[in-house]
Each structure stands twice: as C-alpha cells, then as structure tokens.
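Working notes, structure below.
Predicted model only: the values in this text are computed from it and were never measured. Naming convention: chains lettered A, B, ... in sequence-line order (proteins, then strands); numbering from 1 in each chain.
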Amino acid sequence: ADKIALVVKSLGNGFFDAAHQGAQEAAKELKDVEIIYTGPAKATAEGQIEVINTLIAQNVKAIVISANDPDALVPVLKKAMSRGIKVVSFDSSVRKDGRQMHLAPSSNALIGQKLVTMAQDAVGKTGEIAVLSATAQATNQNIWIGEMKKVLAQPAYSGLKLVSVVYGDDQTDKSYREAQGLFKSHPNLKAIVAPTTVGVAAAAKAVQDEKKVGQMFVTGLGLPSEMAGHVKSGAVKNFAIWNPIDLGYSSVHAAYAFVKGKAKGQAGEKISLGRVGTVTLDKDNEAAMAEPFTYDGSNVEKFAKFF
Amino acid sequence: MKAFATWERVLVGLVLAVYLGFGNAIDGFLSPYALADSTTNMSEKALIALAMALLVIAGEIDLSIAAIMALSSLAMGTAMQAGAGAPGMLAAALGTGIACGALNGWLVTRWQLPSIVVTIGTLSLYRGLAQVALGDQAITGYPEWLSTWGNGTLGDLLGIEGMIVPIEFGVMVIAVIGYGLLQHRSVHGRRIYAIGANPVAARFSGIAVDRYRMALFIGAGMMAALAAVQLTGRIGSTRPNLASGWELEAVTIVILGGVAIEGGRGSIIGVLLATILLGSFTFALGMLNVSGIVMAMVVGALLVGAMVLPRWAQYGAWLRALRRPKSTGTAAGNAA
Amino acid sequence: MSTAPTRPAGPPRLALRREWVLAAIILAIALAVGLRAPVFLTLRNALDIANDSAILAILVMGQMLVLLTRGVDLSVASNLALTGMLVALLGKAVPALPLPGLIAAALAIGAALGWLNGWLITRFLLPSIVVTLGTMSVYRGAIFVASGGAWVNDQDVHPLIKALPRDTLAGLPMLVWAALAVIAFSVWLLRWRREGRELYAYGGNPHAALYAGIPVRQRLVLAYTLSGALAGLAGLLWVGRYAIAFTELASGFELTVIAACVIGGVSIGGGVGTVGGALLGVLFIGVVNAALPVIQVSPFWQQAIAGAVILVSVALNARSQRSAGRQILEPQERTAAPVTPAHGAAA
Amino acid sequence: MTESTSPLLSLRGIHKRFGPTHALRGVDLDLVPGQALALIGENGAGKSTLVKTLTGVHQPDEGRILLDGQPLRFADTQAAQAAGVVAVHQETVMFEELTAAENIFIGRPPMKGPKLPGLRVIDWATMNARAQQALDQVGAGFAATTPVKQLSLAQRHLIEIARALSQNARVVILDEPTAALSQSEIRDFYGIVRGLKARGVAVLFITHKFDELFAVCDRYVVLRDGASVGHGRMAEADEPGLVRLMAGRAIEQIYPEVRSQPGQTVLQVRGLSHPTEFHDLNFELRRGEILGFYGLVGAGRSEAMLALMGLNPQARGEIRIDGQRVEIRDPADAIAAGLACVPEERQRQGGILAFSVRHNISLAALAGPRHAVHGRYSRGPWLAADQEGALAAGLIERLSIKTASQDTPLSGLSGGNQQKVVIGKWLGLQPRVVILDEPTKGIDVGAKQAVYRLIAEMVEQGLAVILVSSELPEVMNLAHRIVVMKRGRQVAEFTREAADAETVVAAASGLQLTRPHLAEPVHDAVAPRPSTDGPAGAALAA
Ligand SMILES: Nc1ncnc2c1ncn2[C@@H]1O[C@H](COP(=O)(O)OP(=O)(O)OP(=O)(O)O)[C@@H](O)[C@H]1O
Ligand SMILES: Nc1ncnc2c1ncn2[C@@H]1O[C@H](COP(=O)(O)OP(=O)(O)OP(=O)(O)O)[C@@H](O)[C@H]1O
Ligand SMILES: [Mg+2]
Ligand SMILES: [Mg+2]
C-alpha cells in the first residue's frame, strides 16, 4: 500500500484527531493507501522538521501537513519533493515553493465574514466586540483577524466596534485570564470572538463563571464536542467550524491524486476530493474546501458525537 | 575526569545497540541518506549542549540558551533587513549572543546569584524581547549562502560528488574537537573542573573564578548564536518561538552524557555520545512513527533509567555517599 | 553583635524585613494600576486575583518543601496535568463517585507520582533536577498514553469536579478555601512539626543531618510526596476550574511556580524560606498577571516584563540576604575610627 | 578510677574497609563509666572511623560492639543515640538556619498535644527552656533562641557539647572537640569533661594535644594504622612514650632549629583596615624570616590574611613587595606578586576533595602568565602530563605524603596528609611569601614535625613565612618575631628573645600582667561570655 503521512501541528488535539478520522475514511475508500498519523510533541516547526526527516527516510509516498510555520518547513519539504515525495498542505499552509498544493478548509475571506456575522447574530447591530486569538504568531489567526477587520470596515457592520485583540497562546489558563481581563478593561463588551478552539472554550467558561451569561456572548471557531456544554449554558449562541473530518478526507484524496500522477499542480487544474466534490487550484496552487459550517443549539448535540 | 570512564563505555554500548538493533529492525535506517538526515536532529543541539556541558561542569547552568538563539536569529534577520551582508549578519548574531551571555554572567558574578534562577529570568526576558520585536511577524527571505550553510552538504561545499555529510555535521565535529581539547587537554579545562568541584578552593588557588564563569556564559551565548545562525539557515525563517524548549534538551544531553549536575565531573566525549545516542534513538523512534509526545516520554525515561541502572545494584549507595565528608559544593560557591 | 536577642518561643522568623519590602511593592503596583483602572481596586477584582492565585499557591507550598531540602521538583506541572487527566477520566468512567472520593483519588495519584520522584532521588542518590526533568517528560507523555491524545471536554468532566472550584462558602470560593487549607497545613508542618523543622535542618546542612540522627531518606521522600499530592490536588482544581483536560494542560507552569518561590525568598540553595514569603511571591505574580491585561500592556510585552521582574526581585533578595559580616571590631571603636588608613595616604 | 569497674561499652576485633583502604584492622577497647579514655593516633590512624562505627554512621565489617556485655548493632545514628552513645564529631554538625535550641534537640524535640502521634506538635517553650539549661551547664552565654548562624565557631562547639549533655548520654565521644576553642574555653571544657565523669558517664576523648590528654584522661589506647598497638593508664604514661607508640618510632625534637637570618624586607603592610574585622595593621616581613601571628581564636588574623590575598574586598591599606606598591584585588594578583596562602579551612578552602593528589598539587602551579613558574608545568595553554607528574612526585616525596598513588582523590587521604598536599600545592609555585594559617590544626605529631621542618626549610631557602597559629608553643619556637592580635587590632609585637609565654598570652587576652591569674577567663572576641572558673594556667604548660 502507498504510505501517506498526515503530519499535524501537534498530537493530542481533537481537531486533528477528527481530520485523522477523515483520512482513514479516505484510505478505506482508496483501498491501497496506508495512513501514518504523526506530529511533534510541541507545536514547533523544528519538531515538524524532525518528523518529516524520519518520513523521508521511510520513503512515504506523500506528506499531508498542517504547518507550524509557512517558511521554516520549505527546505525540508523541498528535500522531500526532490526525493519524489508529494507534499500537500492543509489547514495551515506552507509557502508555495514547499508543496504541490494547499487545501484551505475554507477561504480566509469566508471565515472573516462568518466570524463577523456570527458576532452580529449574537449581539445585534451594535456593541463592542473583542478578539481572543491563539498565539501572536499563528498565521491563520492573523489572516482571519485581518479579514474580520476588512468586513467590519463595511458600512453594514459599522455598529460593531472591535475594541481589543488579546492572545491566549492556546493555553486554557492564559485564555481564561485574558477573557477575564477583557471583562474588566471593557465593561461594555458584548461579545468575544475567538477563532481558536482552545480560546473559545476558555472564554465561554469565563463568561459562565463570571455569571455574565445573557449579557455577553462568545463565538468563534470551536469543536462541537467541546462547545456543546457551553451552548447549553447559553454562554455561546453559535459558533462555526469547517468539518475537520471532511478536511482530512479531502486532503488525502488530493495527495493520492498527486501520487497517482492524476494531478500535476498547475493553476486551474481540477482535483477530485471524493464525496466532498471537486476543487480548482488557483494561481498559488491553493484551493478552498468549503465555507465554515455554523453550529447552534439545534445541531450541536448531533455533531458533538463525531468530533 | 578520565576521558573514557565507565559511563562512556555504557554510552558506546547503547549507541551500538541503537544502530545494530534498529538498523536490523527498520528498513532504511542505515541507508546513507537516513544517516545523513538523522544528524540534522543533533547538530545544532550539540553546539549548545557543549557550551552547556562546560557550564554544568563549572557548577552553573544556562536555561536561557535557547532564548538567546531566538534573539540572535532575530538580530541576524534585522541586520539583513537593514541591508547588511554576510559579515554584518554574523556579527549581529554573535554580538547578540555575547551580549546575552554577558548579561547572564554579570548577574551571576556581580550579584552572586544562583545561575538557575538568573537564567529562568533571562529565559523569559530574552524570549519576551524577541516577541516584542517580532510580534506576530516572521523574518524570512534569507540569502542563499545561509540556506546552504544550514541545508547543504560538505560535498556541495568541497565540490565532491556524493559526499552527503551535512555541513552542520562538520561544524559539530569541529566544535566537539575544539571543546574536547579545551576541556581535557588545556589548563583552562582543568581550572573549569576545579571551579565546579570547589569554587572556594579554586579561588584560593589563584583561579579567577568569576572571570571563568563570565567567559563560560559568554561562550554559551556565542555557541547559541552559532546554533541560531545554522538553525535559521536550515529553516529559513525567524520566529520568537525558535528553538523553544531546546534548553531542556541540551540539559538532557549533558546529563545523559555523564556530566554531574552538581559540577566538577563530566567529559566532552560523553556529551558527544549522548548527542548521538539521543539523535539516533529519536530518529529511529520517528521512523517507527512513534508520536512526538511519546518520544519525549521515552527520552525522559531513558534519562532516568540511564542514571538509575548503574546504581541499581549498589544498595545503600545513598547512605555511603552522604557519610563521606564532602565540601559544601554549591553553598560554598555562593558564599565565595 | 554579641548579645543574643531574646525572642518568644518558636523558630526564627527569617528575613522579615525583606517580606515587608515585597509586600510594599505589591501594594504599590496595585495602587498604581488602580489609579489608571479603578476597577482593579474593587473587592471583586481582589477575589479574582485570589482565585487565580489559589492554584499557584497550592503548588508553591509543595515546591517550597522540596526547595527547602536543596531539591527542585520540575515535574509539578506534568504531575498536575496527569493527575487532572486521570481524575477526569475516572470521573467520566464512574459518574457515581462522590466528591471525597475524587479528592482522595487526586491526592493519592499526585502523591504516588511525587513519591516516585522521591524514591528515585533517595534510593539511587540522584540529583533532583535530573530526576524530575525526566519524570516531567514521562508524566507528560503518560497523559497522552492514558487519554489516547483525546481531550476530556466540558460536558465529560464530572459535574462535582466542575462545581468544586466555583462553589462558595462564607463568601469565599472553594478554590480559595482549598488554598487556605493547604497554607494552614504548611504552617503547621513547617513550624510545629518535627518533620518540617527537619526539612530546614537537612536543607541547611545535609551532611550534618545524617549525624544528627534525622531519618533523612524518609524526610526527603515526604517532601516530594507532599509536593506531588499538592500538585494532584491542584490538578483536580485546575480541571474543575477550566472544565477541560488535555495533554498540554499547564505545560511550562513549573517555571512560574519556581519563580513565585524565588520571588518570595525561598532559597534555591535550601534551608531558607517561609510560608509568608512564598505567599507574597504568589501574590506578586497574581497581581502582575492581573494587572497587565487591565492596563492593556501589549501581550507581546508580557513575557519580557515577567522575566525582568524575576531578575530584579532575585537581585533585591540577594542584597537583603547578604550577611553583615562577623564584626570582630567593637562597634563603638569602629565608629570612632575612620576607615581610611592614615598610613595609606603616601602612596 | 579502679580497674574493677566493668566496662560499659566494649569493642572487640572491629574491622572496617573502604574499598582498598583497611581503615580499622582489629580494634579492641573498653569504655568504663566515670572514666575518660584517650584515643591517640596519627592522622589517618582510624580514630574518626572508629567513632563513626561506634555511633552507627558506619557499620563494622567484622567484630562486635558490646553494650553492658550484650552484643548489639547500631543500624543508624538514631539507634546509637537511643542506646545512650553520643558523639561530638570532628566536623561540626550544625544547622545554621535553626536556633541553638533546635540544634540541641534536633531529631528529638519535646512534643505536646493530643495523644495521637500524628497530631502532636513541637513544644517550643519546653524545648527552649531545657536547651537553655543545657547551654548554661556548659557556660555558654547566649540565649537558646539565637540562630546558630549568628554564633562563632567556638560557640557552636558548645552547642554540640550541650547536645551531648542533654541526651543523658552514658557514653560521650569527643572527636577533637577543642580544635576550635580558645585557651580559656578549653579550660572550661576540662570542667565539663570532669563533670561528665563525675556523673558516671564513660568518655572517649580524641585530640592531638597531649596536654589535654594528661589533664582529663584516665586511660589511653593508641591506634596505629587501624590497629590498637598499646594501652594503659595515663598516669603511668609520658609524652615521648606515647609518641613512640603512635608513630612506631621515637620523635625527639618536634621543633627544628630555625637557623636562617632575616635578610632584606620583602613585604610591607601599612594601615591594613577593614570596616568590621580589623583595624590599622602594620608589619613587615624579611627574607628568611618567620613572622608569627598569635591571638585567641577569632582575633581576626585569618580575616587579615584573606585581605592580603585579595579575598576581602572591603579591606583597605597599602601593601608593598620589595618596596613596590602592589594592588591586590584577587588571589591571582597576590600569587603574581609572590604571595601564597595555606588557608585555615583545609577542606573548604584548601584542597579539592574530588581531585586527585596530583591535580591538587599542580592546580596553582598551572598559574596564569603573570607568574614566575608560568609555562613550567604546561606547554602554553596545554597540559603537560609528565611535568605535572614529576612535580607531584617530587612533592609527595619531599613532604612524605602518605597516599596510594598520585591519582588517589584527596578525599581518600587522612587530614594530616590532606594538609601536606595543600601546602605542597604552594611550594610548586615558588612563592616569595608563604602565609600558613593554622597549618597544624588537627594534625598529628609526626605530621606536625614534618610541617615544622618544612617551614624551617622554606625560610632557609630564602622564603618569608607568616605563621598564624593559636598554639603558643608553635609561634614561640619557630617565629623570629611575634605579632599579637586582639579583637581585630595589632596589640603587641615581640622578638623571639623578648617573648615569654605569659607576656604574649597576656597581650592576646588583654589582661594586666599584675593580675594574679592568667587563667581569668578571657572574653572571646566574637561573643563575650560570663566567666566560669577554670584551673589556672594548665593549658599553657606545654
Ligand atoms: N568514607 C571513607 N571512604 C574511604 N576512605 C576513608 C573513609 N573514611 C576514612 N577513610 C580512610 O580511613 C583512614 C582512617 O581515617 P580517619 O578519618 O579515621 O583517621 P583519623 O585517625 O581520624 O585521622 P585524623 O587525625 O586526621 O582525623 C584514612 O586512610 C582515611 O583516608
Ligand atoms: N561567627 C562566625 N560566622 C561565620 N564564620 C565564622 C564565625 N566564627 C568563625 N568563623 C569561621 O571560622 C574560622 C575560624 O574563625 P576564627 O574564630 O578563628 O576567626 P579568625 O578571623 O579566623 O581569627 P583568628 O584566625 O585570629 O582566630 C574563620 O575563618 C571563619 O570563617
Ligand atoms: Mg579524625
Ligand atoms: Mg583563624
């Protein structure tokens, strides 16, 4: 069987475990594929490089990776490609010359839009909102925050005021404290938008503990399994996430297409992603899978069983 | 102090066991490419581990060493952005490493503070400064020569076809030889042992203890800068979290190499062997697709196990050692 | 000074002056921040800080016991996370378990992990920094193995665990009560119990402790076991407070714990440190942590500031702890005779 | 003192090995209630090892310990204490951060509270009161609640003795208890030992000072190379005889004749002062001269010597070598200027226990480029094993250091031999001025004689020596001139001819010569103590 390696930012993260589940689904479908699910102990580029070196030594056919650093992985991935290994990045991208294609879970513009509309759904037309991000360096976080700012600049959202961006470093305690800090420094805050699964759960917990349920809402990107409780408590009205299972599934399909030579990595090329459909590569060899899916009280319980 | 004591023999045995055992069990583990790749695992860490080894032998420790790497890399990147060429970039990196090391050394010698506390503080400070300067940005677009240094092979450098030994490995070998000569064959090495074993007596013997401590911290800063240059070259980008957690890996290598954490004992050969052992062992585990966190766990267990096994048989070793009157190591050092 | 001061019965209260200085600094910071953001000086905020500091205080009490014996326990954060995870898993598997059972389980698991450190250190005569560096990785990895890398989420955390830190008693959250209980226990142990005094003795002079007939090995194992048990308790509270358990929980927190001890004047060299001082160290970190977001210091600055604070406080500590010398000359003569040598003038 | 009293504690055929070292080879001795037994032997004879065996620190490899005729084994120090065997060890056993009372009751504080052992707490009041009682018994003039870190070395020894007393011990072992005590304290100490004997305690007394043995001991046992080689009644023994037994040969003249005549001035010290330790010291030293520094323990001599070596940053003053003013900020400066110092605390300041004998000897000789011998034992910055080995071999031979090999770690040598190594370290450096701070502290007669010969030899070769000593005979017999210090001040200076024991002691202790007794207890510099009466002049008789 062809070995396809799924390299994630770090292991022990529900999101990537779900992606792994999708990858296994794809492998079952594609028959002669074996998935290696791996990642470093800490979410660093250096750790991923060590992992990739061992994958190269194993002669895997393809590497599907969510990068901790878009640039740092380029040299080692180039080495991999020079030894005939196909490289597809997903979720968090690798610079263009370090991979054959990138499969974004969704387009950044769509996510930015989604985050703002969810905030508006929660608090209404006017109010102060704040962003609780992961680390200050997280690429995708910063792009999404940038997109949000673009959307907020539109007249339709002029009532919403982004008062602060704070960083919880994807640590529960720090995120929690940052959320509390927001309550104090911005007494009129209406919503916290956290485009990170750790942050959104911690912020929801803080809202609950501060007994601010109903006055203040948390929204953002989160996993149904982690958020179900908070939706029930009322701290969270809605949140969104792309479907990580589908993302893992699609990435493996894309990688397989490269392994079998069905895809070459040219702009405009169409790549089939099995049951998810087909995507088209843009000039940077990037493609977006789908727009994020919104979860609320009506459907969260159902999805919480999956991821 | 003998360069090849019992512990080094144990390490040689373990290294052989890894190469023979895993070489048989894993396809391609002994292929030239895999061997060459596996050295990237260790080359930069060896540089900081060597500097750390000397510090630990002298009874000190530098937990900020990886943070210095981040700051040095940042300085180099900033120099590049300011239009500096290769000499300017290297000077910026080394200068920063030396400055950081000097600050550590100054705090330790001038204020007579325990280095473990000082460097926990400077660890936060240096990484924090890198974060202040870079924020959410990264510095990229490093020139080709730097990338070659980090990723190239000696074959590329010397024009020999098929010589796939990475340049970084070559640098490591040179550093090991240099440190080995310094520590085992020079007067300075002897004095460093003396400082670690009994700083008070060393001072009474006319050794400028604080000057040596200062030099060792500065040396650690320089090695961190060198490692940072290589690592930056290898990955082509600078971020505030560069090499995060490497300080503990360096300490692990040093201890596994048989350097006594209380100072006064240890060998460079041991550090080299420990570097190779850890590098090859984690590479082999990686090829078995053991996940990173479990690998860290195995390495932790290896560290404890390696220390425990030789003592397993000595029942009551603990009491015996306490009974031997010994000079008050660290306490005396602080009092001096 | 040759006349010994007579003082009331009890152990010497060390470095009293230094502790007042630290308290004054903390007060000054709080007031300065309060000027810019009055919300900082409310009772509510004080309670928040107490709440945030409670877990740190519990861990610091344990760490202090170990530091007193010239050791260090780098594995506390991993122990906390592993115990937290195991208790969360236990709570998930046995929903009927009552709260005392959960607390007992947390204490027992934590104590067992701490005991292992102590056993390795004393049985094989290993330096604590090495052993706990190793077990730090081992315990962390064990979380991954135990949980299969999966998270225990809000809805899976045992409701009693979640409720524990939030419940209040007499107006104070249980989290704070737990910390107070641990502090009381530490005072009792270190001031009123033989075991506690012997930890000071051992830390001051390990070699002599053996001659003095102190059961050294038991005492060391006790220190590590207690540090572990308190880490276990902290793990339960942590998981309850944040309603989540995962592999990277509290990673890196050991350095904060040690920093709090050091700021509070507990010596890395052993034998020196008081409960009061350590608590001030905790409070200091709590106040600074709470102040930074409130006065809207850029998050990028936080780590650098934390580092600088540690350095300044240890430097100040070192200064005030520097001994005044032996003073062979009689004081009145000393003041009478100027220091500058009369003969030295003709150089 | 009759022979008929049956022994309380007996040792029969005790053997103890440390790896290749056979430290005890068949020791027999009996301790009788109400008597003091002197244990005599050269350095490394095994005295301390025997003590540790008796107190449960070490287990004997062979042989039996009998208490009241019953064989028993002391598993640890606690077991020995429980059986009433208590020791004041050679190395001080103190906890600096704790109070005197806690030190006395460490490991066995009085407890109070409910019957449940887990809930009982320390009874501070009782403990302090009982500790104060024990301290008063030994004449210590400080409060039991004083933290030990505020006390002097001598006061710490008193605490140790108080600890032994407070344990109602049946057997008290004193391993060189007087090494750090001043003359007057030693006399007080005799009273304490006599008190112990009067209470029916069996005392084992170890010291290298014979006058003490004759003053308080009833019987003796001589140990040589780990075996008992003689025993008898103190009253029937004489010093030369004991020395012969100890050394296995006769040692006649302990003090060599110092024949050298002082030449031109090498070292001049002017106005050496320190804010708290000493004030306005002025002296000079000539080639081939031995300058004695006498004073009571704690007079500040060591501190002054540290200042000469650049180890006392607060010290001020002018130092000239050959008339040239030198700046000394660090020992390296001092060594470059030709000064060398054998410090007082051998294990902490002098040698590196983990280093081999060779490496200890060569440590200073591998000196920096500023020193005369630079490059002689190394090739540039590189080590030269043969030169180093030759240096070590030469000094081991010259000082007759007893060691298995050059590679033996210093920790494997006895105290006297360690001291020789530390002195030897400096001889390799060929200094101009050698400072010896209590060079014979805790070493045996044989070793002392060797050290004295060495000193004489050094000055004959033109070196200048400063000899700091608290033993009057030492300075009286060796020094050309004697400087006396008292409480940090230089109070008198004598030439050898002009000095007599009484005058010198009087100067050191600040007593008027017209006073009838010299024995009037002297206020120790570090901590004045109330007077207790001791027998007159006994200590000075040697
Ligand atoms: N723990 C130990 N390990 C190895 N050798 C030891 C140990 N303790 C003592 N020895 C050796 O045993 C011998 C006897 O030493 P011991 O300390 O008993 O001598 P001592 O008679 O007390 O001498 P001193 O008068 O110098 O105190 C010495 O050769 C010493 O080096
Ligand atoms: N109160 C004390 N605190 C700390 N160290 C002490 C104290 N008293 C004595 N010492 C140490 O013990 C050693 C012997 O002390 P000592 O009383 O002999 O004083 P000294 O300054 O050396 O005077 P001298 O050599 O004239 O006796 C000193 O080197 C000193 O380091
Ligand atoms: Mg002895
Ligand atoms: Mg002295």
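- With a 4.5 angstrom heavy-atom cutoff, A:Ala41 touches chain C only via backbone atoms.
- Of the residues considered (C:Asp48, C:Val152, C:Val39), C:Asp48 shows the highest number of contacts with chain A, using heavy-atom pairs under 4.5 Å.
- Of the atoms belonging to A:Lys184, heavy atoms from both backbone and side chain fall under 4.5 Å from chain C.
- What you find for A:Gln171 and C:Ser251 is that their closest heavy atoms are NE2-O, 4.2 Å.
- Rounding to the nearest 0.5 Å places CZ of A:Arg177 at 6.0 Å from CG of C:Asp52.
- Within a 6.0 Å sphere centred on NZ of A:Lys161, heavy atoms belonging to other residues, nucleotides or ligands number 12 at most.
- Looking at C:Tyr242, the atoms closer than 4.5 Å to chain A (heavy atoms on both sides) sit in the backbone and in the side chain alike.
- The choice from A:Met227, A:His186, A:Lys42, A:Lys232 that makes the most heavy-atom pairs within less than 4.5 Å of chain C is A:His186.
- Looking at C:Phe40, there are no atoms closer than 4.5 Å to chain A (heavy atoms on both sides), in backbone or side chain.
- For chain A, no part of C:Ala37 is nearby; none of its heavy atoms comes within less than 4.5 Å.
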Candidate pair C:Phe246 and A:Thr172, rule side-chain contact (heavy atoms from CB on, under 4.5 Å), full reasoning: CA-CA 10 Å; C:Phe246 59 101; A:Thr172 307; 3.1 Å; yes
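- Note: A:Glu178 CD to C:Asn289 CG = 9.0 Å, rounded to the nearest 0.5 Å.
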Check against side-chain contact (heavy atoms from CB on, under 4.5 Å), A:Tyr176 and C:Ile244: CA-CA 12 Å; A:Tyr176 186 92; C:Ile244 199 157; over 6 Å; no
Test log, rule salt bridge (charged side-chain N to carboxylate O under 4.0 Å, His left out), inputs A:Asp173 and C:Arg241: CA-CA 9 Å; A:Asp173 54 323; C:Arg241 173 134 210 239; over 6 Å; no
Verdict with reasoning, A:Gln208 to C:Lys162, per side-chain contact (heavy atoms from CB on, under 4.5 Å): CA-CA 12 Å; A:Gln208 226 167 304; C:Lys162 274 195 288 187; over 6 Å; no
